[in-house]
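The structure appears right after this line, and notes come after that.
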Amino acid sequence: MPTHFIGREFEQKQITDAANSHEANIFIIYGRRRIGKTELVEHTLGSRALIKLEGVEKGNKQAQMHRVLYQLGRYLDEPHLTKMHFETWLELL
């Protein structure tokens, strides 16, 4: 586990424990811009395959869901995903 994150040991342990749990996990990490959220995840999980989804600042639920579908479509090279519509996050995920 990288040690160059000052004061992030607790967060690194939570991420590492969840990643090693042999279950599917979704990490929701939020906070103001430029505080190292992405850096924390990338360094903690190292070379593991990650799908990173970013939200829309001040976007409503439908805007957030559309953004997630757009990003998933790009990751999976499936552009038709952006045309799908879901009412709830449970349906989408």
Exercise for the section: Measure from the side-chain N and O atoms of T44 to the backbone N and O of V41, and report whether any donor-acceptor pair falls under 3.5 Å. Expected result: no
Handout entry: Side-chain heavy atoms of F27 within contact of Q14, under 4.5 Å
Key = no
Problem - Between Q62 and H66, a side-chain donor and acceptor under 3.5 Å - result: no
Fill in the blank from the handout: One should read off an interatomic distance between F10 CZ and I15 CD1, to the nearest 0.5 angstrom, of 10.5 Å
Practice task
Flag yes if M84 and L92 sit in one hydrophobic cluster, no otherwise; membership is Ile, Leu, Val, Met, Phe, Trp, Tyr, and two members link when side-chain heavy atoms are under 4.5 Å apart.
Solution key: yes
Handout entry: Close side-chain approach of I29 and T38, heavy atoms under 4.5 Å
Key = no
Problem - D77 atom CG: more than 12 heavy-atom contacts under 6.0 Å - result: no
Problem - Nearest-0.5 Å distance that lies between atom OH in Y70 and atom CG in L53 - result: 12.5 Å
Practice task
Look at the side chain of Q71 and the backbone N and O of E54, then say whether any donor-acceptor pair between them is shorter than 3.5 Å.
Solution key: yes
Practice task
Return the minimal non-hydrogen interatomic distance between S21 and N25, and the atom names on each side.
Solution key: OG-ND2, 3.2 Å
Problem - Shared hydrophobic cluster for V56 and I28 (ILVMFWY, side-chain gaps under 4.5 Å) - result: no
Exercise for the section: Check whether any side-chain heavy atom of W89 sits under 4.5 Å from a side-chain heavy atom of V68, and report yes or no. Expected result: yes
Exercise for the section: Please examine the side chains of F86 and L93, heavy atoms only from C-beta on, and report whether any two atoms are closer than 4.5 Å. Expected result: no
Practice task
Please test R33 against E57 for salt bridge (charged side-chain N to carboxylate O under 4.0 Å, His left out), starting from the C-alpha separation and ending with a verdict.
Solution key: CA-CA 10 Å; R33 294 177 45 145; E57 186 173 356; 5.1 Å; no
Problem - Nearest non-hydrogen partners of L50 and Y75, listed with the distance - result: O-CE2, 4.4 Å
Practice task
Would you kindly say whether T16 and N20 are connected by a side-chain donor-acceptor distance under 3.5 Å?
Solution key: no
Problem - E91 (side chain) donor-acceptor with E87 (main chain) under 3.5 angstrom - result: yes
Practice task
Answer whether the closest heavy-atom distance between the side chains of E42 and K52 falls below 4.5 Å.
Solution key: yes
Practice task
For the pair E11 (side chain) and L40 (backbone), establish whether a donor and an acceptor sit closer than 3.5 Å, ignoring hydrogens and angles.
Solution key: no
Handout entry: Inter-residue atom distance H80.NE2 - L69.CG, 0.5 Å rounding
Key = 10.0 Å
Exercise for the section: Calculate, to the nearest 0.5 Å, the distance between atoms CG and CD belonging to L45 and Q12 respectively. Expected result: 9.5 Å
Handout entry: Heavy atoms of other groups near I26 CD1, more than 12 under 6.0 Å
Key = no
Exercise for the section: Check whether more than 12 heavy atoms from other residues, nucleotides or ligands sit under 6.0 Å from atom CG of L90, and answer yes or no. Expected result: no
